[in-house]
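Everything on this sheet refers to the single structure shown next.
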Amino acid sequence: MKRVEARIKTSFGEIIIESDSPQELLNMLETVPEKFVEKISDFVSNRLTPSGAQLKGIIESTTEGPVIVTTENLTHYDAVGLILYASHEHKSTVTQIQKLLELSNIKSVVPARLNEMTKRGRVFKPDPNKPEFKLTIQGEKWIESDVLTKSVKKA
């Protein structure tokens, strides 16, 4: 028999609930506690993302992904780095980074910034055939020691 599933998109990813029949799926969904997604979101950001507390007031999780909310004057490199740092596995596509920066009211030529950040050793392409970029260990340390420190001190 074919399985039935419901996909619930959240700020941290997707929750998938499966069952053998549509009625069973409805019954399962009815048992989901109130504010279930919010509680899981808090759990993920506070426990599974070590940077959750560090990013408070700087990055906000949305259904689209991490959005920069700080009023601190960031360079375009800082902004791209923060988006990657707050993204799942510290990686994202050029298109997604561009979209999240626009939602953050930051205008930047993302491909050029990523190219320059690659030359500086802050990002790399895990798979040359895919459009994803990922922070290097050096890039993560740069965000933690320079960008977040600068944003927290002035906030």
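Note that the structure is a prediction, hence the values are computed from the model and not measured. Computed from heavy atoms alone, side chains included, the values below leave out hydrogens, waters and symmetry copies.
Cluster membership check: Val69 does not share its hydrophobic cluster with Ile59, using side-chain heavy-atom separations under 4.5 Å among Ile, Leu, Val, Met, Phe, Trp and Tyr. Under the 4.5 Å side-chain contact rule for hydrophobic residues, Leu26 and Ile17 do not share a cluster. In terms of hydrophobic clustering, with Ile, Leu, Val, Met, Phe, Trp and Tyr side chains grouped at heavy-atom distances under 4.5 Å, Met28 and Val32 are assigned to a common cluster. Hydrophobic clustering places Val94 together with Tyr85 (ILVMFWY residues linked when any side-chain heavy atoms are closer than 4.5 Å, directly or through intermediates). Residues Phe124 and Val80 do not share a hydrophobic cluster, defined by chaining ILVMFWY side chains whose heavy atoms lie under 4.5 Å apart.
Every residue meeting the side-chain contact (heavy atoms from CB on, under 4.5 Å) condition with Tyr77, not counting sequence neighbours, appears here in chain and number order: Thr75, Arg113, Glu116, Met117, Arg120, Trp142.
Around CD1 of Ile137, the count of heavy atoms belonging to other residues, nucleotides or ligands within 6.0 Å does not exceed 12.
With Val110 as the partner, the side chain to side chain contact (heavy atoms under 4.5 Å, CB included) test is satisfied by one option alone out of Lys99, Gln98, His76, Gln96: Gln98.
With hydrogens and angles disregarded, a donor-acceptor distance shorter than 3.5 Å links the side chain of Thr62 to the backbone of Gly65. Checking side-chain atoms of Ser19 against main-chain N and O of Leu25 turns up a donor-acceptor pair under 3.5 Å. Although no hydrogens or angles enter the test, the distance criterion places a donor-acceptor pair under 3.5 Å between the side chain of Thr136 and the main chain of Gly121.
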Pair His90, Leu84 - check side chain to side chain contact (heavy atoms under 4.5 Å, CB included), show working. CA-CA 5 Å; His90 300 305; Leu84 282 169; 5.5 Å; no
In sequence, state the C-alpha distance, the side-chain angles, and the governing distance for Glu140 and Gln138, and then conclude on side chain to side chain contact (heavy atoms under 4.5 Å, CB included). CA-CA 5 Å; Glu140 290 177 34; Gln138 178 187 348; over 6 Å; no
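Nearest heavy-atom pair, Ser104 versus Ile68, reported as atom, atom and distance to 0.1 Å: OG-N, 2.8 Å. Of all the heavy atoms in Leu82 and Leu74, the pair that sits closest is CD1-CD1, 3.7 Å. For the pair Glu64 and Leu100, the tightest heavy-atom approach, listed with the atom from each and the gap, is O-CD2, 3.7 Å. Between Val4 and Ser21, the closest heavy-atom pair is CG2-C, 3.9 Å.
Here Glu102 does not pair with Lys107 in a salt bridge; the nearest charged N to carboxylate O distance is not below 4.0 Å. A salt bridge is absent between Lys134 and Glu132; no separation between the charged side-chain nitrogens and carboxylate oxygens falls under 4.0 Å.
Put simply, CG on Asp78 and CD1 on Ile143 are 6.5 Å apart, with the number rounded to the nearest 0.5 Å. In this structure, Phe133 CZ and Thr93 OG1 are separated by 10.0 Å, a value rounded to the nearest 0.5 Å.
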